[in-house]
Asker: 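This is the structure, below, for whatever I ask next.
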Amino acid sequence: MAPSPFDLSGKVAVVTGGNGGIGLGMARGLAAAGAAVAIAGRNAAKSQAAAAALVSEGGRAIALTADVTSRADTAQMVKDTVAAFGRLDILVNNAGINIRTPPQSVPVEDWQKVIDTNLTSALLCAQAVYPAMQSAGGGKIINIGSMLSIFGASFAPAYAASKGGIVQFTRSLACAWAPDNIQANAVLPGWIDTELTQAARRQVDGLHGRVLARTPAGRWGVPGDLSGVAVFLASNASDFVTGTAIPVDGGYSVSG
Ligand code: NDP
């Protein structure tokens with residue numbers, strides 16, 4: 001039988017913000033499909049615990065400490081991954097934050113912090129991995145957007161701007177690096193139960209019920225809901241898929 005097009009044996013991935021929430025859900029999928037995974041985040045203890053969990057489940061994983069807003073840290077993250085596993089094939093730009101303030105009062109420092117963490121980081125990490133992907137003969141870049149890549153939100157203008165930007169950045173990467181056999185795609189998660197959205201539920205009145213009412217699947221997502229799309233976009237199964245933005249949202253974005 002031909003090998004599965006979803007097999008990631010021999011491939012190496014870096015997942016930024018992979019120490020919890022959606023990032024860990026994706027890292028878990030990649031590891032289960034055979035990839036060696038470097039988990040990168042600022043909180044070293046949390047990253048080590050996540051990597052240890054993947055190893056205890058039979059995967060190959062290491063923890064790296066990196067702030068994705070720092071060019072030096074992202075360069076070191078790639079260097080350490082290649083030193084540990086010998087190559088780099090897959091980048092998941094997942095690290096992200098939200099600071100919820102309406103546009104009339106958002107301090108420019110907060111705006112900048114959200115844009116730096118959610119959008120500029122994707123450029124820094126992509127630039128850092130590019131030579132390693134060229135050496136590997138190709139690569140896969142998965143950028144994490146949001147429903148706010150599509151919709152506006154009165155309480156999150158900086159976040160929405162960063163996530164809209166992620167989709168356009170993804171399309172540009174796809175066009176630019178196709179000759180290098182690098183595919184770049186975005187994933188747009190719906191409302192997923194993580195630390196980020198637990199904070200949102202505390203801060204935004206009625207959010208929990210509104211999400212349930214609009215999501216045809218009738219539930220919030222869980223990090224494991226993102227595992228499959230990560231494997232697809234990281235594997236040969238998606239070799240002719242590039243520049244797209246795939247909602248993983250239980251139908252939220254198609255519900256009127
Ligand atoms: P979490 O808050 O659970 O995870 C965020 C991750 O980002 C953490 O691992 C954190 O690690 C990391 N991170 C934040 N800032 C930095 C930084 N400067 N450098 C390195 N790592 C950083 O949130 P989610 O899992 O919910 O979110 C993950 C991604 O998914 C984000 O991009 C978010 O915008 C997006 N998303 C989430 C949705 C949801 O419903 N949950 C919906 C749509 C999109 P550490 O603190 O250790 O640095």
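In each ligand, atom 1 is the first atom listed, and ligand 1 is the first ligand listed.
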Asker: About how many Å separate CG of L54 and CG of L24, when rounded to the nearest 0.5 Å?
Answerer: 6.0 Å

Asker: Look at ligand 1 and say whether Y159 reaches it with a heavy atom at a distance under 4.0 Å.
Answerer: yes

Asker: Does ligand 1 have any atom that is closer than 4.0 Å to a heavy atom of K163?
Answerer: yes

Asker: Regarding ligand 1, does N43 bring an N or O atom to under 3.5 Å of one of the ligand's N or O atoms?
Answerer: yes

Asker: Under 4.0 Å from ligand 1, counting heavy atoms only, is it the side chain of S47, its backbone, both or neither?
Answerer: neither

Asker: To the nearest 0.1 Å, how far is atom 26 (O) of ligand 1 from its closest protein heavy atom, and which atom is that?
Answerer: T194 OG1, 2.5 Å

Asker: Could you tell me, atom by atom, which parts of ligand 1 come under 4.0 Å of a heavy atom of G145?
Answerer: 43 (C), 44 (C)

Asker: Has A44 got any heavy atom lying under 4.0 angstrom from an atom of ligand 1?
Answerer: no

Asker: Hey, does A199 sit under 4.0 Å from ligand 1 if you only count heavy atoms?
Answerer: no

Asker: Tell me whether atom 48 (O) of ligand 1 lies less than 4.0 Å from at least one protein heavy-atom position.
Answerer: yes

Asker: What part of I192, side chain from CB on, backbone N/CA/C/O, both or neither, has a heavy atom under 4.0 Å from ligand 1?
Answerer: both

Asker: Return the closest protein heavy atom for atom 23 (O) of ligand 1 as residue, atom name and distance.
Answerer: L196 CB, 3.4 Å

Asker: Which atoms from ligand 1 have a heavy atom of G21 less than 4.0 Å away?
Answerer: 3 (O), 25 (O)

Asker: Considering A122, A95, S146, G20 one by one, which has a heavy atom nearer to atom 22 (C) of ligand 1 than any of the others?
Answerer: A95

Asker: Hey, could you give me the CD1/OG distance between I22 and S227, rounded to the nearest 0.5 Å?
Answerer: 11.0 Å

Asker: Is the shortest distance from a heavy atom of T16 to ligand 1 less than 4.0 Å?
Answerer: no

Asker: I need the single residue from N185, D89, D239 that forms a side-chain hydrogen bond (donor to acceptor under 3.5 Å, both in side chains) with K140. Which is it?
Answerer: D239

Asker: Who gets closest to atom 31 (C) of ligand 1 by heavy atom: L188, I144, N94?
Answerer: N94

